[in-house]
Chemist: 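A single structure is presented below for examination.
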Amino acid sequence: MVAENSSVTEFILAGLTHHPGLQLPLFFLFLGSYVVTAVGNLGLLTLIGLNSHLHTPMYFFLYNLSLIDFCYSTVITPKMLVSFVSEKNVISYAGCLTQLFFFLFFVVSESFILSAMAYDRYVAICNPLVYTATVSPRVCLLLSSGVYVMGFAGAMAHTVCMARLTFCANNLVDHYMCDILPLLELSCTSTHVNVLVVFVVVGIDIGVPSLTIFISYALILSSILHIHSTQGRSKAFSTCSSHMIAVSLFFGSGAFMYLKPSSLLPLSQGKVSSLFYTIVVPMLNPLIYSLRNKDVKAALKKTLIKKKDSFS
C-alpha cells in the first residue's frame, strides 16, 4: 500500500504521554500487562487444545476469543512500548494502515464472537434438551466463519476509506496506535464520508452484537427466574457472570470511544479510555474465564499433574 495521493510517507505516533518521568514506569507496566495477556491467552488456547473434555461449543468460542485477544494485543502493544523508550516512534504509511486494518479486524471479530458466546449460553440455559443439536459443530463453524467475515468487512470498509484521504504536512498522530479518529484529524481533505462510515459500520459492529447479547441475556434472566431451586439459579448465574463482565468492559469502552460526540471527550483523553479495550480487556478475559471456571481450573490441574509425572 503506497501513499500515492499523499505527501506523507510515514507517521509519528505521539504515544500515551509526554511526561518524561512516566515513560519508564509505563513501559514496564504495559510490558507486564502484555506478558500477562500473552501467557493468559496462550495458556487458555493450550489448555482447550490439550483437554478433550473442553472440546465443546462453549470452549470452542472461548478458544476463538483467546486467539483474537492475543492477536490484537500483539498488533498494538509492542509498537506502543517503543514510544516509551524512543525519542520518535515512527511508523510508515503502509505500516500504519496495516496496523489499522488488523486492529479493526480483531476488534470487530471480538464483538461478534462475544455475541456468539451469548447465543451459546442462551441455548444451553433456555433450551438444554436441544443444545447438542442446535449448537452442533457445523453451527459453531458457521458462526465462527461469520465472526471473521464481519471482522474483515468492517476492517476493509474503514481502511479503504482511510486510504483515499490525502495527508499533507502534519504527520504526528496523537495516539499510541494508528486508530481511525486521530488519523482523520490529520487529513487535509474532506472526511465526511469517513465519519459517516464510522457511525454506520461501528454502529453495526457494536449495535448488532449488543442487541443479540441483550436479547439473549433477557431470555436467560427470564429462564433463570423460573428455576425453583436456589442451587439451580446460582449455577445458571455463575455460568453467565464471566461472559457478562467481559461484555460490559469491551462494549462499554468501545461505544464510549467511537459513538460519543467529539465535544464530550477530547481525543487526547479518548486515547486513555481506549486503553480499556486495547490493553485491559485482552488481559482480563483469560483471568475472568479461568479464575471463575471450574472446568478450566480442573483442566489446568490435570495438565500440570501430567507434566509433573512426565518429568519424574
Chemist: In chain order, what residues pass the side chain to side chain contact (heavy atoms under 4.5 Å, CB included) check against Ser136, with sequence neighbours excluded?
Modeler: Arg138, Val139
Chemist: What residue among Leu196, Val198, Val197 forms side-chain contact (heavy atoms from CB on, under 4.5 Å) with Val200?
Modeler: Leu196
Chemist: If every non-hydrogen atom of Leu13 is compared with every non-hydrogen atom of Ile91, which pair is closest and at what distance?
Modeler: CG-CG2, 4.0 Å
Chemist: Less than 4.5 Å apart, any side-chain heavy atom of Val208 and any of Ser115?
Modeler: no
Chemist: Test: side-chain hydrogen bond (donor to acceptor under 3.5 Å, both in side chains). Region: residues 23-43. Which pairs qualify, not counting sequence neighbours?
Modeler: Tyr34-Thr74
Chemist: Kindly state each residue pair satisfying disulfide bond (SG atoms under 2.5 Å apart) with at least one member in residues 57-87, sequence neighbours excluded.
Modeler: none
Chemist: If only atom types and distance count, is the side chain of Asp205 paired as donor or acceptor with the main-chain N or O of Val108 below 3.5 Å?
Modeler: no
Chemist: Using a cut-off of 6.0 Å, state whether more than 12 heavy atoms not belonging to Phe102 lie near its atom CZ.
Modeler: no
Chemist: For Val160, what residues pass the side chain to side chain contact (heavy atoms under 4.5 Å, CB included) criterion, not counting sequence neighbours?
Modeler: Met156
Chemist: Report the relative orientation of the aromatic rings in Phe84 and Phe30; use parallel for angles under 30°, tilted for 30 to 60°, perpendicular for over 60°.
Modeler: parallel
Chemist: Taking the six-membered ring for Trp, are Phe152 and Phe101 parallel (under 30°), tilted (30 to 60°) or perpendicular (over 60°)?
Modeler: perpendicular
Chemist: Who else is in Val90's hydrophobic cluster (ILVMFWY, side-chain heavy atoms under 4.5 Å, direct or via others)?
Modeler: Ile12, Leu172
Chemist: Where the side chain of His55 meets the backbone of Ile48, is there a donor-acceptor pair that is under 3.5 Å apart?
Modeler: yes
Chemist: Testing the basics here: between Val85 and Phe27, what is the closest heavy-atom pair and its distance to 0.1 Å?
Modeler: CG1-CD1, 3.6 Å
Chemist: Less than 3.5 Å apart, which donor and acceptor atoms pair up between the side chains of residues 61-68 and the rest of the protein, not counting sequence neighbours?
Modeler:
from  : atom 1 : to     : atom 2 : distance (Å)
Asn64 : OD1    : Tyr148 : OH     : 2.7
Asn64 : ND2    : Phe60  : O      : 2.8
Ser66 : OG     : Leu62  : O      : 3.3

Chemist: Any idea which heavy atoms bring Asn170 and Leu186 closest together, and the distance?
Modeler: ND2-CD2, 3.3 Å
Chemist: Could you go step by step and tell me if Asp120 and Tyr131 meet the side-chain hydrogen bond (donor to acceptor under 3.5 Å, both in side chains) rule?
Modeler: CA-CA 8 Å; Asp120 171 70; Tyr131 177 72; 2.5 Å; yes
Chemist: Between Ser222 and Ala218 (side chain of the first, backbone of the second, donor and acceptor by atom type, cut-off under 3.5 Å), is there such a pair?
Modeler: no
Chemist: Heavy atoms only: give me the nearest Pro78-Ser73 pair and the separation to one decimal.
Modeler: CD-O, 3.7 Å
